[in-house]
Peer 1: 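Can you keep this structure in mind? I'll have questions shortly.
Throughout, protein chains are lettered first and strands after them, A, B, ... in sequence-line order, and every chain is numbered starting at 1. In this text, all values refer to a predicted model and were calculated from it rather than measured experimentally. The figures here come from the full heavy-atom set of this structure, side chains too, leaving out hydrogens, waters and symmetry mates.
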There are 2 protein chains.
Amino acid sequence: MIDLIARLPGLGPRSARRAALFLLKRPDALLQPLSDALGEAAAKIEACATCGNFDTLQPCAVCQASGRDESLLCVVEDVPDLWALERAGSFRGRYHVLGGVMSALDGVGPEDLNIGQLLQRVKTGRFGEVILALNATVDGQTTAHYVAEQLQGLDAKITRLAHGVPVGGELDHLDDGTLATALRARRAI
Amino acid sequence: MIDLIARLPGLGPRSARRAALFLLKRPDALLQPLSDALGEAAAKIEACATCGNFDTLQPCAVCQASGRDESLLCVVEDVPDLWALERAGSFRGRYHVLGGVMSALDGVGPEDLNIGQLLQRVKTGRFGEVILALNATVDGQTTAHYVAEQLQGLDAKITRLAHGVPVGGELDHLDDGTLATALRARRAI
């Protein structure tokens with residue numbers, strides 16, 4: 001049990017031992033309920049065959065929801081990014097989860113991501129715009145360029161998130177790259 | 001001496017006492033050199049009459065520098081923002097320091113800022129573009145709107161920094177406002 005807990009992100013062998021002891025001291029309040037919850041998750045939650053989101057429904061609740069904009073497809077790296085956009089409540093279209101980003105260091109190539117499935121969706125769907133909402137990291141932007149190239153020639157317009165000063169950001173505390181990007185991409189008032 | 005040190009930003013009476021004692025124990029290595037440096041700064045450094053930057057030169061080194069783009073004027077809140085942009089090295093025009101932002105809470109109105117001087121510079125200068133590089137805070141944006149209104153009708157184009165995902169930013173760690181802004185201001189690839 002300790003070995004398995006230690007494999008969770010952010011936990012080492014020492015904190016795993018502490019967590020295990022904490023659980024063992026609370027068999028009814030925590031240990032058994034957590035065991036049940038994990039078992040239920042293993043049995044019921046799976047990746048949506050359409051977008052890649054995790055849900056108990058197949059297709060997932062976001063893919064099933066009516067009243068969303070069918071012409072907008074938002075491509076994200078992973079499920080937490082989809083959840084972040086849903087939390088922000090500012091996007092009302094459909095999603096596609098790539099399941100990661102291309103990374104030479106980690107040996108992740110385009111064939112390891114859900115890019116083929118994305119092309120298929122865009123080809124057969126009626127999306128007017130594909131938004132590449134990938135992280136503003138080197139790997140995220142490399143992947144965005146690759147995906148944009150693959151999507152070229154299809155009918156959908158390809159866009160990416162704006163880069164610049166974050167809300168509440170003070171110039172004095174920003175890194176040079178963000179300042180340069182924000183200056184380069186300045187907009188008329 | 002302790003009372004004066006305690007008035008510096010980030011220091012309270014307790015840390016001022018510690019700093020004073022630290023100085024008194026090092027009269028030749030720190031106390032006298034610091035006293036000399038402060039005296040020299042008081043005697044030689046002043047705000048540039050043109051842009052508001054601090055320098056020993058009048059006008060300041062940035063205003064005197066040749067080879068900078070005379071058609072670009074970058075308006076910043078305060079001197080640290082000017083320094084941040086110079087550190088980033090991505091802007092090669094002239095600057096104008098407002099000396100703060102409008103704030104109803106702090107009782108700072110437009111008449112407390114160098115806005116009249118800015119209008120005068122834009123009217124008499126040959127700036128093709130005025131970049132309002134104010135912080136992405138509520139007060140910063142209020143001030144930007146006010147300044148933009150005042151500049152309307154003059155020849156110069158008025159722009160602002162791009163807002164969105166900062167360089168290296170991961171969607172999962174961004175606030176809802178930045179995500180919404182980045183989505184709204186998305187760009188074609």
Side-chain angles (χ1 to χ4, degrees), chain A residues 72 74 76-85 87-91 93 129-138 140-141 144-145 147-149 151-152 157-189, chain B residues 72 74 76-85 87-91 93 129-138 140-141 144-145 147-149 151-152 157-189:
Chain A
L72 281 178
C74 184
V76 294
E77 272 182 38
D78 222 333
V79 176
D81 302 326
L82 188 161
W83 291 349
L85 284 163
R87 268 201 313 273
S90 44
F91 180 70
E129 179 178 349
V130 178
I131 305 169
L132 300 178
L134 302 182
N135 293 339
T137 54
V138 174
Q141 294 308 298
H145 277 284
V147 173
E149 261 175 31
L151 287 168
Q152 219 118 59
K157 199 170 90 179
I158 308 161
T159 57
R160 62 162 178 79
L161 295 185
H163 294 167
V165 182
V167 169
E170 303 187 15
L171 269 57
D172 189 24
H173 296 107
L174 290 175
D175 61 291
D176 295 356
T178 300
L179 273 179
T181 304
L183 254 176
R184 232 183 0 249
R186 62 184 181 266
R187 309 187 131 213
I189 295 191
Chain B
L72 280 178
C74 184
V76 293
E77 273 182 38
D78 223 332
V79 175
D81 302 325
L82 188 161
W83 291 348
L85 284 163
R87 268 201 312 273
S90 44
F91 180 71
E129 180 179 350
V130 178
I131 306 169
L132 300 178
L134 303 182
N135 293 340
T137 55
V138 174
Q141 294 307 298
H145 277 284
V147 172
E149 262 176 29
L151 287 169
Q152 219 118 59
K157 197 169 92 179
I158 308 161
T159 57
R160 62 163 179 78
L161 295 184
H163 295 168
V165 182
V167 169
E170 303 187 13
L171 269 56
D172 189 25
H173 296 107
L174 290 176
D175 61 292
D176 295 355
T178 299
L179 273 179
T181 304
L183 253 175
R184 234 184 357 252
R186 63 184 181 267
R187 311 187 130 212
I189 295 191

Peer 1: With side-chain contact (heavy atoms from CB on, under 4.5 Å) as the test, would you mind laying out the steps for B:Arg160 and A:Arg187 before giving the verdict?
Peer 2: CA-CA 5 Å; B:Arg160 62 163 179 78; A:Arg187 309 187 131 213; 3.9 Å; yes

Peer 1: Could you tell me the separation between the CZ atom of A:Arg186 and the NE2 atom of B:His163, rounded to the nearest 0.5 Å?
Peer 2: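 The distance works out to 13.5 Å.
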
Peer 1: With only heavy atoms counted, which part of B:Ile131 is less than 4.5 Å from chain A, the side chain, the backbone, both or neither?
Peer 2: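 Side chain of B:Ile131 only, per the 4.5 Å heavy-atom cut-off to chain A.
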
Peer 1: Is B:Leu134 close to chain A through its backbone or its side chain, or both, or neither, when contacts mean heavy atoms under 4.5 Å?
Peer 2: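 For B:Leu134, the backbone is the part near chain A, not the side chain.
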
Peer 1: Would you give the length of the straight line joining atom CG of B:Leu171 to atom CG of A:Asp78, rounded to the nearest 0.5 angstrom?
Peer 2: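 Reported value, rounded in 0.5 Å steps: 11.5 Å.
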
Peer 1: Considering non-hydrogen atoms only, spot the tightest contact between B:Asp176 and A:Arg87 and give its length.
Peer 2: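 Looking at all heavy atoms of both residues, the shortest contact is OD2-O, 3.8 Å.
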
Peer 1: Determine the option with the most heavy-atom pairs under 4.5 angstrom with chain A, choosing from B:Ala162, B:Ser90, B:Ala88.
Peer 2: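 Of the candidates given, the most pairs with chain A belong to B:Ala162.
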
Peer 1: Considering only heavy atoms, which portion of B:Ala180 lies under 4.5 Å from any heavy atom of chain A: side chain, backbone, both, or neither?
Peer 2: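 Both backbone and side chain.
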
Peer 1: Is it the backbone or the side chain of B:Leu72 that comes under 4.5 Å from a heavy atom of chain A, or both, or neither?
Peer 2: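 Contact with chain A involves the side chain of B:Leu72 alone.
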
Peer 1: What pair of heavy atoms forms the shortest contact from B:Ala84 to A:Leu179, and how long is it?
Peer 2: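 Between these two residues, the closest heavy atoms are O-CD1, 3.7 Å.
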
Peer 1: Using heavy-atom distances under 4.5 Å, tell me whether B:Glu129 contacts chain A through its side chain, its backbone, both, or neither.
Peer 2: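 For B:Glu129, side-chain heavy atoms alone lie under 4.5 Å from chain A.
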
Peer 1: Against chain A, label B:Asp175 side chain, backbone, both or neither, depending on which of its atoms sit under 4.5 Å from a heavy atom there.
Peer 2: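 Just the side chain, heavy atoms under 4.5 Å.
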
